[in-house]
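Single-structure report; data block below.
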Amino acid sequence: LRDFDKAVEMEPTSASVHEAHALANAKADAFDVALTDLARAIEIDARSPLAYAYRAWVYKQQGQPELGQKDIDRAVRLDPERAEVLWVRGELRETAGENEEAIGDLKKAVALKPMLRDASAALERLGVPADTEDTEIPQLRMLTWRVFVRANRYHAASTEYHRLKVPLEMMSDGQPRLLEWDVKKPPLNGIGVLRFAAGKVDGPRGAEEVEHAAVVDLQSGSVIALEPVRQGERMATWTWEDNRLVVASVDGYSEEYALRLKNRDPAAQKRLTSTDGQGKSGRPPSWAPWGQDGFFGDNRGNRLRPSQPKTIFDLLFK
């Protein structure tokens, strides 16, 4: 939300910024702030289907779906093929007891935008089961690594490290592409880095390719960190120090991670971590998928500083 406040300050005449800010506030139950944002977005662009759809969803969340019906009708007239519009109409139809029609809208929304997890969650709520099995994508193999998909979410697993599952979070539609696997040498025993292409994001000069890397603890079979490596021509700076990694990322944030290295001084480990072994924060990063209940277990991250919002995409869809 602090990032969105800054975005509004930097781009006060951008309807899309106000729409994104509104959705984030609505998900934080700050409905009055969200409605103010959406009123401003509509003032800037009276033909934005997203602004009307989001306002309809806010009304629905407030227990007043009838107020949202006019807005969603207008959003559909403006763009009947917009995934977010179909998602909100599906939610309103669910509220009205029109479950069959709601399922039709939500299925179409997911087909148009597989990463729209609000629509997927609504389908599950209506009893439409999500994919529950991992499906390998053979053409994405690299060395001992295999890429799997389940319910539009990707992860990598290795035939060499059986307990390890690495989430491959995408920044746009499309499939991840594994680029490099690096097992660190002493003194960084037991640490590996899996780098992968994570799609594209909008940049100053148009769409920019994004690469992420997962830092993994091979001994415990867990993910320590998931950080951007490159966005367009901008590169992150990774500094490997004794028992820790410092990342100055491409989005302007600096992060520090403790490393559980093999065969190191136990006293040094105790100084670097809290009693639960997860660093000063005591928990995985809140933005990280493995920091959410039920995602590949727990105890995945070792962030030493409080989490910062990573991107607009993260706040809205993760």
Could you tell me whether [X] and [Y] have a side-chain N and a carboxylate O separated by less than 4.0 Å?
| X | Y | result |
| --- | --- | --- |
| R93 | D105 | yes |
| D118 | K27 | yes |
| E208 | R230 | no |
| E94 | K60 | no |
| E169 | R117 | yes |

Do side-chain atoms of [X] reach the backbone of [Y] as a donor and acceptor pair under 3.5 angstrom?
| X | Y | value |
| --- | --- | --- |
| S172 | G199 | no |
| R205 | G232 | no |
| H18 | P12 | yes |

Subject >> Sequence-distant partners of E9, salt bridge (Lys or Arg N to Asp or Glu O under 4.0 Å), two or more places apart >> reply: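 Per chain and number, E9 pairs via salt bridge (Lys or Arg N to Asp or Glu O under 4.0 Å) with K6.
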**OP:** Sequence neighbours left out, what passes salt bridge (Lys or Arg N to Asp or Glu O under 4.0 Å) with R141? Give chain and number order.
**Re:**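 Partners of R141 by the salt bridge (Lys or Arg N to Asp or Glu O under 4.0 Å) criterion, ordered by chain and then number, come out as E136.
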**OP:** Mark yes when over 12 heavy atoms from residues, nucleotides or ligands other than E233 sit less than 6.0 Å from its CD; otherwise mark no.
**Re:**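 Open: at most 12 neighbouring heavy atoms sit under 6.0 Å from CD of E233.
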Original post:
So does E100 have more than 12 non-hydrogen atoms from other groups sitting under 6.0 Å from CD?
Top reply: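 Incorrect, the count does not exceed 12.
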Just so I know, are the side chains of [X] and [Y] near enough to count as touching, which here means a heavy-atom distance under 4.5 Å?
| X | Y | answer |
| --- | --- | --- |
| V247 | T237 | no |
| Y52 | I72 | no |
| L178 | R146 | no |

Original post:
Between Y257 and E227, do the side chains contain an N or O donor and an N or O acceptor separated by less than 3.5 Å?
Top reply: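 On atom types as modelled, these side chains qualify, holding a pair under 3.5 Å.
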Original post:
So, S249 versus E255: side-chain donor-acceptor pair below 3.5 Å or not?
Top reply: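 The criterion, which ignores hydrogens and geometry beyond distance, is not satisfied for E255 and S249.
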Original post:
Residues two or more places apart in sequence or in another chain: which of them pass ring pair (Phe, Tyr, Trp, His ring centres under 6.0 Å) with F148?
Top reply: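 So F148 forms a ring pair (Phe, Tyr, Trp, His ring centres under 6.0 Å) with H155.
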Subject >> For Y161, ring pair (Phe, Tyr, Trp, His ring centres under 6.0 Å) partners two or more places apart >> reply: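 Only W181 meet the ring pair (Phe, Tyr, Trp, His ring centres under 6.0 Å) criterion with Y161.
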**OP:** Write out all pairs satisfying salt bridge (charged side-chain N to carboxylate O under 4.0 Å, His left out) with one or both partners inside residues 189-198, taking only residues at least two apart or from two chains.
**Re:**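 Output for this query lists E180-R195, R195-E211.
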Original post:
Going by side-chain heavy atoms closer than 4.5 Å, which hydrophobic residues are tied to L86, directly or by a chain of links?
Top reply: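 Taking Ile, Leu, Val, Met, Phe, Trp and Tyr as members, L86 shares its hydrophobic cluster with L112.
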Original post:
Going only through I, L, V, M, F, W and Y residues with side-chain contacts under 4.5 Å, is there a path from L226 to V250?
Top reply: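 They do not share one cluster, since no chain of ILVMFWY contacts under 4.5 Å joins L226 to V250.
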Subject >> side-chain hydrogen bond (donor to acceptor under 3.5 Å, both in side chains) between E84 and Y54, worked out >> reply: CA-CA 8 Å; E84 292 86 352; Y54 284 170; 4.8 Å; no
